[in-house]
Amino acid sequence: QVDLVESGGGLVQAGDSLRLSCAASGGTFSTYNMGWFRQAPGKEREFVAAIGRIAALTNYADSVKGRFTIFRDNAKNTAYLQMNSLKPEDTAVYYCAVDRSRSAVPPRQGRDYDYWGQGTQVTVSS
């Protein structure tokens, strides 16, 4: 069992920055791939970013590439999503997730993740 708790969401203006955190407990964090997903009202959940267990590999959705950065601190059992130059279309509930498969490449599909956090709301006003 792995428990994930996201934090750092909030209401910001377009162009602002936010840093989301995902604190994990249970299991061995350093062996997991970590992913961030988001879901806007009336839309399906979509992939945002993922990071490999050794942090050498990262994946980003095209819509956030160059603006968002995913990173991790294995000593703190925490993954982060640094979001810069936020846009109104980034408004969504953001979820972090754990992939325990030890896959070399962090996956982009939600079905490949085993545990999910409860989500944190990010609202970007224009």
Side-chain angles (χ1 to χ4, degrees):
Q1 178 72 27
V2 179
D3 293 319
L4 302 171
V5 178
E6 301 98 334
S7 60
L11 171 63
V12 297
Q13 294 186 330
D16 285 350
S17 298
L18 276 176
R19 178 177 292 182
L20 305 183
S21 299
C22 173
S25 59
T28 307
F29 180 80
S30 62
T31 67
Y32 302 149
N33 293 318
M34 298 296 298
W36 284 96
F37 294 77
R38 66 187 182 187
Q39 187 166 20
K43 295 187 177 181
E44 293 187 352
R45 182 180 64 196
E46 65 173 355
F47 170 77
V48 176
I51 188 167
R53 50 195 173 90
I54 59 173
L57 288 177
T58 55
N59 261 321
Y60 293 95
D62 288 344
S63 59
V64 306
K65 201 172 293 183
R67 299 189 298 123
F68 290 11
T69 302
I70 186 171
F71 60 102
R72 64 192 296 163
D73 185 338
N74 287 343
K76 295 183 178 179
N77 289 352
T78 302
Y80 302 91
L81 185 67
Q82 177 67 42
M83 306 186 296
N84 299 330
S85 302
L86 282 161
K87 304 176 181 180
E89 51 263 43
D90 294 318
T91 295
V93 177
Y94 283 71
Y95 300 90
C96 68
V98 162
D99 162 39
R100 299 179 301 164
S101 72
R102 302 195 181 216
S103 165
V105 177
R108 301 170 67 96
Q109 299 295 323
R111 62 175 179 264
D112 293 325
Y113 288 82
D114 305 297
Y115 294 98
W116 295 78
Q118 83 291 347
T120 185
Q121 177 70 48
V122 172
T123 304
V124 185
S125 63
S126 58

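These values consider heavy atoms only, across backbone and side chains, with no hydrogens, waters or symmetry-generated copies.
Judged purely by atom type and a 3.5 angstrom limit, Q39 has no side-chain atom pairing as donor or acceptor with the backbone of A92. Panel note: side chain T91, backbone V124; a donor-acceptor pair is recorded below 3.5 Å. Side chain of Y60 to backbone of I70: a donor-acceptor contact under 3.5 angstrom is found.
The distance from the CZ atom of R19 to the CG atom of N84 is 9.0 Å, given to the nearest 0.5 Å. Interatomic distance, CZ of R72 versus OG of S30, reported as 7.5 Å (0.5 Å rounding). From S7, atom OG reaches atom OH of Y94 across 15.0 Å, with rounding to the nearest 0.5 Å. A distance of 11.5 Å separates OG1 of T28 from CZ of R53, quoted to the nearest 0.5 Å. R102 CZ to N33 CG: the interatomic distance, rounded to the nearest 0.5 Å, is 10.5 Å.
Residues S21 and T78 come closest through the heavy atom pair CB-CG2, 4.2 Å. Here the shortest heavy-atom pairing between M34 and C22 reads CE-SG, 3.9 Å. Residues V105 and S103 share a closest heavy-atom pair of O-OG, 2.9 Å. The minimum heavy-atom distance between L57 and A104, with the atom names listed, is CD1-O, 3.1 Å. The shortest non-hydrogen separation linking P106 to Y113 is C-OH, 4.3 Å. Looking at every heavy atom in both residues, C96 comes nearest to L4 through O-CD1, 3.7 Å.
Ion pairing between K87 and D90 fails under the 4.0 Å rule for side-chain N and carboxylate O.
The aromatic ring centroids of F71 and Y80 lie less than 6.0 Å from each other. A distance of 6.0 Å or more separates the ring centres of F68 and W36.
A heavy-atom distance below 4.5 Å is found between the side chains of D114 and D99. Within the 4.5 Å cutoff, no side-chain heavy atoms of D3 are placed close to those of Y115. With a 4.5 Å cut-off on side-chain heavy atoms, Q118 and E6 count as touching. Side-chain contact between D112 and S101 is absent, with no heavy-atom pair separated by less than 4.5 Å.
Under the 4.5 Å side-chain contact rule for hydrophobic residues, F47 and V64 do not share a cluster. The cluster map of Ile, Leu, Val, Met, Phe, Trp and Tyr, joined by side-chain heavy atoms under 4.5 Å apart, puts I51 and Y32 in the same cluster.
Using a 30° and 60° split on the angle between ring planes, W116 and F37 fall in the tilted class, from 30° to 60°.
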**Request:** Could you check L20 against V122 for side chain to side chain contact (heavy atoms under 4.5 Å, CB included), going step by step and ending with a plain yes or no?
**Result:** CA-CA 9 Å; L20 305 183; V122 172; 4.0 Å; yes
**Request:** Tell me, with the steps shown, if E46 and R38 meet side chain to side chain contact (heavy atoms under 4.5 Å, CB included).
**Result:** CA-CA 5 Å; E46 65 173 355; R38 66 187 182 187; 2.5 Å; yes
